[in-house]
Structure formats: structure tokens, C-alpha cells
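Below is one structure, written out as C-alpha cells; the observations come after it.
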Amino acid sequence: MRLQSYNYKYHDIGIPLQENYFLDEPEEIVQSRTIPVLETSVSIVAEMAERRKKRLIKADVLIIGAGISGMQAALDTADKGYRVVIIDKTSTIGGSMVKLDKTFPTNDCSICTAAPKMVELSRHPNIELITYAEINSLDGKPGDFKANIWKKSKYVDPDKCTGCNDCAEVCPVEVVNPFDEKISTRKAIYIEFPQAVPIVYTIDYEHCVGCGSCDRVCERGAISFLEKSEEIEVHVGSIIVATGFEVFEPFEMRKEYGYGKYGNVITAMQFERLLSSFGPTSGKVLRLSDGKKPKSIAWIQCVGSRSAQLGFPYCSRVCCMYATKEASIAKEANPDIDITIYYMDIRAYGKDFQQYYEHAKDLGVKYVRGRPSSVYENNDKSITIKYKNTLTGEVKESIVDMLVLSTAIIPSQGNKKLGEIVGVEVDENGFFKQQSLLTNPVRSTRDGVYLAGCIQGPKDIPDSVSMASGAAAEAVVPIKDRERRIGKEFPPELDVSNKEPRIGLFVCHCGKNIAGFLDVDRVTDEAKNMSNVVYAEHMMFACSGDSSKKIKGLIKEKNLNRIVVAACSPRTHGGLFQDTLREAGLNKYLFEMANIRNHCSWVHSDNWDAATKKAVDLVRAAVAKVRYLEPLSEEEFSIYPSTLVIGGGVSGMEASLALADMGIKSVLLEKESELGGRLKRLYSMFPSDIKTEEIINPLIKEVSRNRLISVMTESELFSIDGFIGNYKGKIRQKGKEKEVEFGTIIVATGFREIDLEGRYQHRRNKNILSQIELEEKIGNNSLKKKPGNVVFINCAGAMDEERPYCCRVGCGVSIKNAKLISQKFPGSKIYILYRDMRVFGKEEEEYYSDVLKNCHVTTIRYPGDKKPEIILDKNQPADGDVTVKVYDDILREEISIPADLVVLTVNTEGEVMTEKLKNMLKVPVDAAGFFMEAHAKIRPLDFSTSGVYLCGAAHYPKNLVDSIAQAKGAASRAAIPIMQERMKGEGIISETNEDLCSGCRTCESVCAFSAIEMKPNPKEPKHSVAVVNKALCKGCGVCAGACPSGAIQQKGFKSNQIDVMISALLEKTFSEKSKKSFRVDGKSDFPYNEKGVGA
Amino acid sequence: MKNRLQKNEDIDVLRFEKGGLGQEVEELCGENLFGCYQCGTCSAGCPFIEDMDLAPDDVIRYVVLDRVEVLNSKTIWLCASCYTCAERCPRDINITKIMEALRQIILRKNIDQTSLVKIPENERKIIPQMAFVSLFRKNIG
Amino acid sequence: MKLLYYPGCTLKTSAKNLERSAFAVMDALGHEMVEMKDWNCCGVVASLTDDDLMRHLAPLRNLIHVEDAGENRVVTLCDMCCNTLKQTNLRVKEKPEDLEKLNAFMDEEKDYKGTVKVIHFLEFLRDEVGFDVLKKMVKNPLTGIRIMPYYGCMLLRPREVSIDDAEEPKILAELLITLGAEVIDNPFKIECCGSYHTVEQKELVSKRAHRITSFAVERGSDAIILSCPLCRFNLDVRGKESEKLFKGYKQIPVYYYTQLIAVALGLDLKCCGFDTHAVDPILLLKKKGCLKKE
């Protein structure tokens, strides 16, 4: 870093500098030269220059990588009370998820779902976040690891940086931006993206030229060239590796697609950046060559994946879905763009994926089954694609304006080295190896080191999050007896109930986000005229560390007892401000936010005056409400330290064991007489051909032996009372009734094959079996006669009108069983009739290709609207000949196969218990009988109802690997309330005025959290009134809105509080009357009474 | 598709038992045809696809499905062994060798595809020798 | 440097000009090419069936004679010979048991020990002479001519015997830049010309030639540069014939790379044999003023 042009003669702490003080490496200089001793500030310089002793952090778990997996694992662990150190090699957290625009299949905005987790992580008292850091070495054993972290210097003081962007504006260096996947540039001083956490600018040492311009413009003096990189030693008990993935760029391999040669050929991740609202084109889909809107776009799937040569042999698992998502988003926003996806199989295997795919087709996205051979560029920079449409047989050329390549998910470049450092084996593709793919995908090959997310293999967000929770459960085991610390300590609350409101107003610039589009000065001044506002100020970033300090100081100094912050959405930083109030001794509910960013500056960015006026109105409304706000309390509940696990299959058993390993008791309910679930009826597992008995029997033994698990077979839960932390369930076991108490519940009831009701002649002929029936016969050796032709029919009862979903595991099962048959009867000819080959998991694609080749399996693709027909012998339907007629979609002709054995891959649905259970637990279930999780992407293991969790095939059919990861994840989630030992409910809950309640039950029916129950009115026992469960109520307010008599009011959003907001907003219309000040007796001159009815 | 192939009496008499054609091809060229998942890349990249009656990936399909009439196709003789398909195939199947194997099955039964007599005199003078040599290599057993 | 040279059949008949111009270039570079003794037909096309060892006999015999001449390197000018010899060389290296059989069969020949490296003349120019050396010798830069490099199949596929990247080769483009010409890149540069179909199905080849060339012409190409004698014939002669099939189409001249090097180095153009081409190559050179200044 050459700083010869540095003009300052004095460093900003006032010390005169020697002539050639700055040479190449500031750290080296500071280390090697002796600093002259001066009268002033000696201690500061000496401290800074002293050969730093290594900082030592003692914690419980170290998490490497702060993407969505790392964050989920960190939050799970920290919520249990353990201390977490989480590091990330970039300067912010968020990983690859924040690069996406929207996520499938819900089309939720990616950053909107990830950012709350990012903020929660940064504020969590048990989590220490170290960004721009990498791990150098790791020694030790489970329970006692010593890791050396190298924390690179950002050269910016995190306590002073306000994220104002002045420095980046003057920086002369432009560098290709890796966050935008190289399609844009950034400066040498930068933040990765606007919502970065922590919001501290970083100087890219490699590219900085040392001109010092940033230092000169930084008002806070946050640039600190003397800030050294440091080595930190971390002592922990376990490690979780969650370093994620990279996207393959076909520079060296698969050059025929022109990437890097033709300007309009991009990878799918680059397309995501184009779609992203904070990407280089602000969300507009534009061609890179000329910045114009493309008239046609094409996607090519499997570039670099599923390739035995010039690529990687595995399936990248998420590309079919993300291409569908990108295409459908682009199509919806621009219906005139012609969009085509070229594919080989569409692997829409997950929950709601098939329906999402069908919807994309309805939107007009064209799907062509044919992998293009090569592409070339035309004179106008459009791309010609040469392909064969394998379903119509035509070989054609198609011209598109833009080509998107769905390239493979590959391990990050540094993976091998990381593997060496951390001591974990890496598989032949570069992903970290798990201890055993089928029995413990979360544990790595080194004890005490666990894996979460794509480090183990490509996967989508819900699977990553589940696995991350699973890793958190495992990571707790070596450290489970350590001291835990829940929550933060706050000073005692002051009683302000009888005092007149003294409101403090803080208007936030949000950098340029607000201040660039409206006059924050004016807003602050107008606010000073509002009654009860005793202090008003505007600040650059109200959420920053020093702003919080300032607000706290002012609360004490000016005796403020109500706070209004005019800034962003309360969803973003509401919690942070509430914590600030608590730290100052105020009740956190004496706080209101005026959203002058999302609701004002962002949407009225073209009208300065109107935006300013609206901001003033919004502030007035917030101030009006805050006068009426009352301090609220959150009820505390104790948690019964035991979990009820419903379902004794693989998932249930793994969940119980995980809980037991964490030291938590569980009751394992199984309705059959033996544990084992569906796995007991199967013979072997794919993709490793391990016999199921080798998996299930040891598991059953371990569960039966474990003292913390009480197994109850032949048992069913038939009634339940209570709420999270305090459940009382009645269980019927062999006719006898038992009462059990528990704190949380895990639902692991699994799935079953549907009843085909005679379709495909199922059960009408002895040679037509379902997959499970086949495995049972192989298991008990009752298949005696060698079948000449064996025909597997996939998707029986799936992806049709009645059941539009994919069964996810069918393709893998059919291939595994094809292999079993071929091994048992080597001469048999095997056919698999399929619609799409959906083998997506780790090692599954390679297994599939091996089986096809070694067992000479003939695959025949049939279309959804021409299903295979089974023709029985008229004279001997039950045991005569069977003929299968199928329409071969690729040859476009009907093929007739005389079959000696027909095996149907039958679709699945939720277990029969689901209906009953859903009503008892008050949790939702979809049309197929699978339970509905709280959020499809980032809360796949939780229900909206607190205290109940979900795992395994009860959520959606899944293979063994995913089930086990999910089961451990559910255990981790269910353990959190128990380890916290007590939990707090919401403060802004609803409350019933029994005198006004008529018992109409409207509120009960609209409550999504099952928090309202009808109970007899204590004053008039004959009438029922609605009673709100303080533990379950989430404060959504729907009941208050629905109540016809106004008997339910939501605290913090009472009618009178909302009324004053409305009249404040309408103030110009109803001019003078509302300007009177608030009186201590609670009455106002306002012409409307509490209910808003004219007085 | 079935009707596009022309009849050829010499070839029709060839008989294979079930699975025999595929096995013979595999023995001749060492490529396992069952590894093909009909992605269409080979056909899309083939320079002579417009004149072929069966696309290369259809040829593989026919062999897998035991359809001996594939030996009647023009395709296997139109193949110029340019290796484009083999280089791009995601399954690493060498279709060039498969085509050669199919040709060899016919040629080794002494069913030649070319006769020197048919080539006109003036052409014989200007065509490079290597073209003749390769043609005879390919079309004569 | 003395280099052993394997001609192959066509270089002695239809492609005599390729041989002559190559020799002239070697002369100018100060190296010597010596034709090997007792060579036979290279055995094109490389054997594609695993069980067929007979078809490896001819190429192997050539390699034996190279070893016999005391050399471990042989250079070829013909793309197909190069490919065939290289593939056989590779096969016997990968399967020593096959080499044993072949050696035993050819009991009248010495045993092949596997020491020979087969290189193409282009490889020699790029790797051993170096294009920068060539650049210094250029007297007549081909300024103003826009030329499309055409590789065909045999130089690049299969990948194991390729002289450059199979999807994005650069060698001819680099050569053109060295000679001062403008390069017109074209995705059809690696597509097959039609090869031996030119004997019995010449319309097919004409169509191919038209496809390849018209694309180049659309991009502004004045000429095509290539290395294989069969490709030259197909694009040049059959290309000219396709003028009858496609109205308005005019075939552009096709050059061997050795001819263009000879022009750029200011050598006597008799060695180029331009009169054997179907489309007159001299016209273009004259028009662009690239012929040797007297």
C-alpha cells in the first residue's frame, strides 16, 4: 500500500508523523519500528503498536461460514444458551442466499427472509460475529478444540463507520464485483450489499492504491490504516462447517456454450443478480451486450452437471427449480418476452415444486426436452442455439437474445485447503465427506466437526436449514454440560405510568435512503412543534452502535418516557430499538416507529415535497399514538423438560436420540407393536444398497437402551391439553389410558402408499405389486419364479389431477429395486416407465447411471396425458398374462411389453393419523395429508403454532438422508424452549373484555395460532367467553379486527390508539380540534369516543 | 418412425436373439448403450442430421429396444466419424464407435456398400486419394 | 534441425502443392525435412472397433520404420494421416498386449518399442519454431485480408490426439495474426466438411461446404485457411459446385496455411501450385496487394 501521496502530516489522533512513516506494510512497520515516545497519547500509540497478544475467545461452538446454514446453526445453538463464535471470509454475513432475488416455490424475496435472521444474529447476546476472517488451524478433540482464526483488517473502525457511502464515492479504484458474480464493479472500499451485516465498509487491501481519499472525506474519521489484521485463538467444544458453494463457470469445460466468449451468455447466478432490486440493473432484465431488454431468453440446464466427461458427475439438485423460478419471474414481469428452458429431466421433486413447475408452464414458459449441442453468436449479438427436441424429433436452431446457463453447484475453491485445516476428508468431487451418508449425514469424518448446508453437497434452502438445525443438535452433544446463559440482563424498569408523556423523536437519514428523498431537517423541525415532543433530532443511522448509545444517553438526560423513531420498517430494526429502551430503563412497549422509508422515501422517490409532507404526517401519527401507549408486560412460562415424539419410525427415533444426546427426556409414541416404521417393510436403501435391517435394528436397539427415551408402543395420543411448555396428553396404550406431561412435541408420523383404487390393475393380479410389496417379497424370499420381463411403472397416482405432487423418492426406489431384481434374477429384462428421472441427491445420479449400465435397464419415458395401460388376460385376470402398453414419448409410438412382473411406484400421502392429530395439535395439513410448516423456506421444521415441530415424511416424503438431517433438526428446535427453561410470551397480545363478549366464536375461528379458546365466563358460568392464551397469542390482531362487538382489544394496538393515528393523518381535514394537548386524565377533546363512534 | 427405414433384403435376413444386437455392438466397440439417457446432444451437433432418417440418439434407442431394422437406416452410412457427438456427450458415450460397430455388423457379413465401378472417370481423377481410402475403409468389409 | 517427414498418399498426388509449399517454408526457416524411407498408406480411417487389430497394422508399420530410421519424431502434413497415426500410437501405448500381438504378426518387421511421437506440421511451427520467430521473417504481411480459419475434425478430435483445444482452437488464428491477416472467427470452423462422402454423395458435401463458407462470408470473410487436403477439396471444388445449387452464392478462395506462409515470407509462389485450386486464389492476393513486391 503505497502512501507516498498521503498529505497529512498528523495522524488523526494528533501525533506528528515521521517523514517516511508509511511504507509498504503498515502492520510490519508498526511491528518492527520503535515508535517515538511522545508526551501526549503515549499510551494509545503504545497500545496500538505493541506486539499484540493474541486475543483469546472462550466459547462453546465455532461456526465457519455465515450463510443461511451457518446463521441457522448459530441461532439454534445460541438460543439454547451456548456461546457461539461465527466467522465468515467475506466482510458480511448472508452467503449465497442474499444474492438470489426470490426463492422457489413461494417466490418470497430472498433478502427479506434472510435479513431478519441476519439482524437477529448480530444482536444475539450469545453470538460473537467475526467477519472477514478465516480459519488457519484446528487442533484438539471434541469438547476441547483450539482454533486459530486470522481476522483480516477492514481498515475501517466498526464503531465509527455509519455506512454513509461517502468513501466509496470518492475511491478511484474499480474492481470486478464478486458479489454481483462479476457483472458489475465495485470500489476498493465497499460493502457487499446495502443490507450487509455488520454495516461496516471494508477496504480491499489487494486493490487499494493508498491514495487516502476515503480517509479525507470520512466525517467520522472511521478509516484507520493502522488497524491491524489479527490472529484470534478460539477455544470451543465443537465446530460446524457451513461454508457453502460456488457456481461453476464453464471457461475450461463445456466451452461449446460460449460462456466468456459471447457477451449475452451468462450463468444463472448472474441472472439472479440482474433480477435483484439491488443488483447492477436494479431488477430489470437487460442484455449485457447493449443494455436493452431482451425479446427472448433461453435457459440450458445441466451445464457441467450430470456429466461423465467435461463436467461433474452429480446432479446439482436445485437448477431445475431455480431456472423455473427465474423464468417464471421474468415472464410474469415481462409477458412479451419469449422464454424457453432446454432440459433433460425437470427435477421438481420437493414440496409444491411440481405445482410450481406446472404454474410456470401456465404462465407461458416453454419447456423443450433436448440438450443443445452448441451455440454461436450472430452479428447482432443474439445467440443461436442448436438443439434436438427429443419429444418431437426435430433438430432445429433457435435464436434468442440472451442465454442463461444453469451451471453446476461446485465446492468453493478453498474447500480442499479448508478440509486439510479442519481435518475433514473431502470426496472426489470436492465436497466434505460425511461420516456415513445413510446413517449420519451431519457428522463429518472428524469427530466434533459437523456439516451444515452445501458443504456436504448441493441442496436447496429448506434442506440446508434443516441440516443446519441438525448440526446444531449434534454440536451441542460434546458440550452439553457446559454452563448456559439465556437472554440479556437489563436494568430495572422505571415506572412512568403516572407521568406526562415526554416524547423523544429520532429521525433517521438511513444514509441516503431517506435523506436523499425527503427533507429530514424539516420533518424534525415540524415534530418539535407537536405537543409532548420534548426532544427531536435527526441522525445518519439510528440503528448504528453509537446512535443507540446516544439515544440511551438522551433518555436519561432529558427524562424521556416515550420514544418515536422515524426510520425503516419495525420488522427490520424494531427489536433493536426496543432493546435500547430497555437498556435505558424504559418499558420496551413505550415505543413507536414511523416507517418513512419503505412507506415513504422508497415509493415517493420522485417527489421531494410530497414525500416530506407525508413523512411529517406519518411522524405526527406515530407521535399521536405513542402518547396513548401503555407499558406492557410479557408473561413468563416454565417449560416441562420433556418432548413427546409422535411416531417411532426412523425420523422419530433419530429425533429422540438426538434429544437424549442433548440430555433431554422424550416419550416416543408408536402406534404399531414395534418400532421401525416404514423402513421395516423395505429391503435396502439407495444409493448405497445397505440393507434396511442394518440401519433400523441398531437404531431400535439404541433407542430401547437409552434411559432418557421412554418408548410406548401400541400407543396413540387421543387428547391433548395445554400449550407450549405445558402440555398434558392422554395416551391410550393397549386399551389403558395414561397421562403424560411434556413441554414440546415433535410430529414424525411418516407417510404411506396411497390406495390406487384399482388403477393399473393393482391388487387384481398376483404379479402386479407396489414397490413396498416387492421389497417385502424380496425380503422374505417369496419371489421364486424368474420373471422374463419386469416392468416398473413410476408415478402411479402421482402428478395427476387428484394428486398434483411428486412423491420425491419414487425414482430412486425404482432404480434401486431394478438393481435388486437384476441381482436376484440376472437374465431378466427390466423396463422402467417414467415421466422424469428425479434422482437428485448425493451419489444418486452416479448410482442411477451405474444401474442403467450394469443391469441393462431400458427406460421408457411416457407423457402425463397418456398413462401406461395394463391389460390382463380376460380368462385368467388374477394370475394370467399381463401386457403393459406404454406410449414412448421419445420414439413417439406405442410399445407393448408382455410383463411377467409389474411393479408400481405408488404415490404417497400422510399417515392415517394425520386428520386426528391435526385437530388435536391445531396444526394445518395440506390436501395430501402432509403437515404444513411455518415457512416453506426458512422454517421447515416449525409449525406456526409454537411448541410443535415436524420432521421426516410427515412433512413430505423424503429419502433417508434428508429424513435423518431433518429429525436431528427438529430435535434441535424442540430442545430450544426446554433448554431455555422458561419462555416469554408476546407483550402485544389480545385481551377479552368479558362484559362485552357475546361468545360468538368469530375470533376463535380466525386465529391462525389456535390461541383462543372458549371458556365459561367466571362471572356468568352459563355463557362462554373467548379467552386468549397468553403463551400462544402472537399479537397478529386478526381477532380484534374480526370481533363484531369490540370485546377483544389488542394491547399496543387498541382502538383508541389507532383512532388518534387516523385523525392525526387526516389533521388537515379536521383541522383545529385535534390540536389540543393530551391530558393526564386520559380524556381528550377529541370528538370521537373510544370506539370511534360520534359522541 | 417405423416407416422411414428403407427395406434391404440382404440385411433383413440377419437374425439376432433377444438382446443380441446390443450385446454385439457392445462387444465390438466397448460402449454400453444403456447408459444413454436420450438427451439429444449428439443429434443436435451432428453435421449430417438433416439427411439422416434416424437421428443418432434414435439409433441408440433402436439398438437398446432390440430393433434390428436399425441396420437398414441411412444414418449409419451417413456418419462421417467426425467425433463431434462423442466429444460432447454428457454420458461419455462414444457414438462414433457405436456407428462403426453397426457398420461392421453389416460389413462383416460381406454386404458391401460401395463399388468402385460406380464412380465416374472424371471424378476419379480429381478426388484426393485419401477420400477413396477412407470410403473403402468405411463401406467395404 | 532435421525432421523426418511422412507424406501419405494424397500429398504425393492431389496435394502436391501442400507438400511443395511446406518444403519451401521449411527451407526458408532453415530447417530440413527428409521424407522417410519405405512408408506405406497410413491406414486411414483410425480403427473404431475394439477387436480389430488388422487396421492398426498399416499405421504401426510406419511407426516402426520411423524408429528404424533412428528417429523418435515424425511430422505429417495430412490431417487424416496425423490422426490415424496418433490414434494407433495411443492404442498400443494403452494396451501393451495388443502391441505384442501386432509386433508378433509383423514378424518381418522390427518390433515397435513405442518411442515415436507423431506431430503435425502446425504443431511443429507453433511449439518448436515459434510464431514469434515466424513473425520476424514476414516480409509481405497479409494486411487487409480477412480470413476464416477452418480446422475440420481430424486435427482436433478425439481430444486425446488433438493439437489444440477441441472446442476453441486458436492455432490457425494465431498463425494468421502472425502473418498479419485479419481473423474472422466462426463457429463452423470445427464442423465436419463431409470427408469421404465427396466420392458418392457430392451434393451432401456441397451443401456442407456452402453452409460452412456462407457463414464465413456473412461475417465478412474473404478467404478460408485450412490444413487438410480433403477439406481443401471439399470446400474448394465441391464448394464451387454448390454455386449451381444455391443461387447467388460465390465460393471464396481456399488456402493451405503453408501457401499463405509462403506468400507472407515472400517466397517464390511456384511451390504453392495455386492453379490446382478450383477457385482462383491469386486473384484475391492480387486485389489486396499481397503478392511479392518486385
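So you know, we letter chains A, B, ... as the sequences are listed, proteins then strands, and number each from 1.
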Which of Ser47(C), Cys193(C), Ser14(C) touches chain B most, by non-hydrogen pairs under 4.5 Å: Ser14(C)
Test item: Cys192(C) and Thr84(B) side chains (from C-beta on) under 4.5 Å apart, heavy atoms: no
Within 6.0 Å of CD in Glu50(B), more than 12 heavy atoms from elsewhere: no
Interface residue of largest heavy-atom contact number with chain B, from Ala46(C), Gly194(C), Cys41(C), under 4.5 Å: Gly194(C)
Derivation of the side-chain contact (heavy atoms from CB on, under 4.5 Å) call for Arg137(B) and Tyr196(C): CA-CA 10 Å; Arg137(B) 230 348 147 65; Tyr196(C) 56 86; over 6 Å; no
Top of Arg124(B), Arg88(B), Glu27(B) for chain C proximity - count of heavy-atom pairs under 4.5 angstrom: Arg88(B)
Side-chain heavy-atom pair Arg108(B), Thr49(C) within 4.5 angstrom cut-off: yes
Chain C contact via Gln113(B) - which portion, at a heavy-atom distance below 4.5 Å: backbone
Heavy-atom pair with the smallest gap, counting every atom of Thr198(C) and Ile127(B): O-CD1, 4.1 Å
Thr10(C) side-chain N/O to Pro128(B) backbone N/O, donor-acceptor pair under 3.5 Å: no
Segment of Ile119(B) engaging chain C (4.5 angstrom heavy-atom cut-off): side chain
Criterion side-chain contact (heavy atoms from CB on, under 4.5 Å) on Leu48(C) and Lys138(B), from CA distance to verdict: CA-CA 10 Å; Leu48(C) 283 166; Lys138(B) 287 293 203 207; 3.8 Å; yes
For Asp50(C) against Lys97(B), the heavy-atom pair lying closest together: OD1-NZ, 3.1 Å
Results of side chain to side chain donor-acceptor pair (under 3.5 Å) for Glu100(C) - residues two or more places apart only: none
Toward chain C, the part of Asn94(B) with a non-hydrogen atom under 4.5 Å: neither
Region of Ile126(B) that comes under 4.5 Å of a non-hydrogen atom in chain C: both
Closest approach of Met154(C) to Ser81(B) (non-hydrogen atoms, all atoms of both residues): CE-O, 3.9 Å
Heavy-atom proximity to chain C below 4.5 Å, by part of Phe136(B): neither
Most contacts with chain B, counted as non-hydrogen pairs under 4.5 angstrom, among Met80(C), Lys12(C), Arg211(C): Met80(C)
Note, Phe48(B) side chain near His197(C) side chain (heavy atom, < 4.5 Å): yes
Interface moiety of Lys125(B) toward chain C, non-hydrogen atoms closer than 4.5 Å: neither
Pair Arg208(C) + Asp51(B): basic N to acidic O under 4.0 Å: no
Chain B contact via Ala15(C) - which portion, at a heavy-atom distance below 4.5 Å: neither
Straight-line distance of Ser195(C) OG to Met130(B) CE, nearest 0.5 Å: 7.5 Å
Residue, of Gln104(B), Glu87(B), Glu100(B), that accumulates the most heavy atom pairs under 4.5 Å with chain C: Glu87(B)
Gap between atom CG of Leu204(C) and atom CG of Leu78(B) - 0.5 Å precision: 6.0 Å
Gln23(B) atom CD, neighbour heavy-atom count above 12 within 6.0 Å: no
Ala86(B) portion near chain C, given a 4.5 angstrom heavy-atom threshold: neither
Partner chain B: residue of Gln201(C), Arg232(C), Lys202(C) with the largest heavy-atom pair count (under 4.5 Å): Lys202(C)
Interface moiety of Cys78(C) toward chain B, non-hydrogen atoms closer than 4.5 Å: side chain
Note: Arg238(C)-Glu123(B) ion pair, threshold 4.0 Å (strictly below): yes
